[in-house]
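Structure first, then comments.
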Amino acid sequence: MRVVGKQRNSRMCFICGMDNPIGLRAQFYNMEDGSVMTPFVFKEEHQSFPERVHGGLTATMIDELGLRAMWAKDGSEDSFGVTMSLSVKYRKPVPYNEKLLARGIVVKETSKFVTIVSELYDQAGELLANGEAVYIKLSPEQIVSGAVDTHDEMCYLIEDDVKEIPFQKKGR
């Protein structure tokens, strides 16, 4: 699928923070269909049991895709919100030290809420986990106390030459 833009990374977010020593440092791409995608790798430190990623960290990626999908849909990083609800279905064990692909897309939006469906796949296109998040739209000032400069926090735009992300789902 064709990439149409790249999103910024933050300083300390567990999923996208470039200064977080235990984080994923995932890169997010706006796709031609309005979705967001990230190829990434969980580390051995993210396990719950040998050969498996902790389910809470899988849910964390599903959650992160919520805001990222809002940005992909809008083509802007000016929308903000927080998670109101999150449901995750674990289909297969999620491995660490292997390339994975996550995808999120907005499926419903009102003036106050956004519903996002997200999926996590292995390299063979097998669905490992999927979920739905409902976000409430809020300004950064409503989310945290005090002034937050979102451009200072989301300060990393890591240029690369990714123009396409192969995406193929296996039948369920």
Side-chain angles (χ1 to χ4, degrees), residues 1 5 7-17 20 22-31 33-43 45-49 52-96 100-122 125-148 150 153-154 165 167 169-170 172:
M1 189 177 308
Q7 297 181 1
R8 293 183 182 276
N9 284 63
S10 78
R11 295 181 188 279
M12 290 302 293
C13 171
F14 181 80
I15 297 293
C16 76
N20 188 329
I22 62 166
L24 296 179
R25 299 180 180 165
Q27 307 287 304
F28 291 86
Y29 299 88
N30 298 337
M31 306 307 293
D33 69 349
S35 70
V36 64
M37 295 179 109
T38 180
F40 72 99
V41 176
F42 280 115
K43 301 172 189 173
E45 296 84 358
H46 302 143
Q47 71 176 297
S48 63
F49 201 71
R52 286 167 170 63
V53 171
H54 192 285
L57 297 179
T58 299
T60 302
M61 177 56 84
I62 298 287
D63 186 25
E64 177 77 11
L65 289 162
L67 181 64
R68 299 296 184 152
M70 288 169 55
W71 287 355
K73 179 189 170 290
D74 295 344
S76 164
E77 296 174 355
D78 294 330
S79 301
F80 286 90
V82 295
T83 309
M84 292 286 298
S85 67
L86 177 67
S87 65
V88 179
K89 291 185 181 178
Y90 301 93
R91 307 290 182 168
K92 294 185 177 193
V94 176
Y96 51 80
L100 302 173
L101 181 65
R103 178 177 182 265
I105 190 163
V106 171
V107 294
K108 182 179 177 184
E109 185 170 11
T110 68
S111 61
K112 292 187 179 197
F113 300 98
V114 181
T115 303
I116 300 96
V117 170
S118 300
E119 302 163 322
L120 181 63
Y121 294 92
D122 66 13
E126 292 282 346
L127 180 65
L128 303 176
N130 61 311
E132 182 178 281
V134 177
Y135 267 60
I136 184 170
K137 297 177 186 179
L138 297 172
S139 70
E141 296 77 24
Q142 293 172 300
I143 297 170
V144 298
S145 60
V148 172
T150 56
E153 177 57 28
M154 299 298 294
I165 296 177
F167 178 60
K169 301 189 232 187
K170 280 198 171 179
R172 289 188 216 178

**Request:** Could you go through the side-chain contact (heavy atoms from CB on, under 4.5 Å) check for I22 and E45 one step at a time?
**Result:** CA-CA 8 Å; I22 62 166; E45 296 84 358; over 6 Å; no
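- Atoms CZ and CG, from F40 and L101 in turn, are 8.0 Å apart once rounded to the nearest 0.5 Å.
- Residue T38 holds its OG1 atom at 7.5 Å from CD1 of I165, rounded to the nearest 0.5 Å.
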**Request:** Verify side-chain contact (heavy atoms from CB on, under 4.5 Å) between M31 and R103, making sure each step is shown before the conclusion.
**Result:** CA-CA 10 Å; M31 306 307 293; R103 178 177 182 265; over 6 Å; no
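- Of the residues V94, V41, V53, the one that meets the side-chain contact (heavy atoms from CB on, under 4.5 Å) test with L100 is V94.
- The OG atom of S87 sits 8.0 Å away from atom CG of N130, with the distance rounded to the nearest 0.5 Å.
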**Request:** Report the C-alpha distance between R68 and C16 in whole Å, list the side-chain angles of each, state the deciding distance to 0.1 Å, and finish with yes or no for side-chain contact (heavy atoms from CB on, under 4.5 Å).
**Result:** CA-CA 11 Å; R68 299 296 184 152; C16 76; 2.9 Å; yes
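- For the atom pair NZ of K112 and CG of L138, the computed distance is 10.0 Å after rounding to the nearest 0.5 Å.
- Within 6.0 Å of NZ on K92 lie no more than 12 heavy atoms contributed by other residues, nucleotides or ligands.
- Evaluation of the side-chain contact (heavy atoms from CB on, under 4.5 Å) rule for R25 yields M18 as partners, not counting sequence neighbours.
- In this structure F14 satisfies the ring pair (Phe, Tyr, Trp, His ring centres under 6.0 Å) test together with H46, sequence neighbours excluded.
- Atom OG1 of T115 is separated from atom CD of E132 by 5.5 Å, given to the nearest 0.5 angstrom.
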**Request:** Give the intermediate values and the outcome of side-chain contact (heavy atoms from CB on, under 4.5 Å) for residues S79 and W71.
**Result:** CA-CA 7 Å; S79 301; W71 287 355; 4.2 Å; yes
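- Not a single ring pair (Phe, Tyr, Trp, His ring centres under 6.0 Å) links F113 to another residue, sequence neighbours left out.
- Using a 4.0 Å cut-off between charged nitrogen and carboxylate oxygen, E126 and R91 do not count as a salt-bridge pair.
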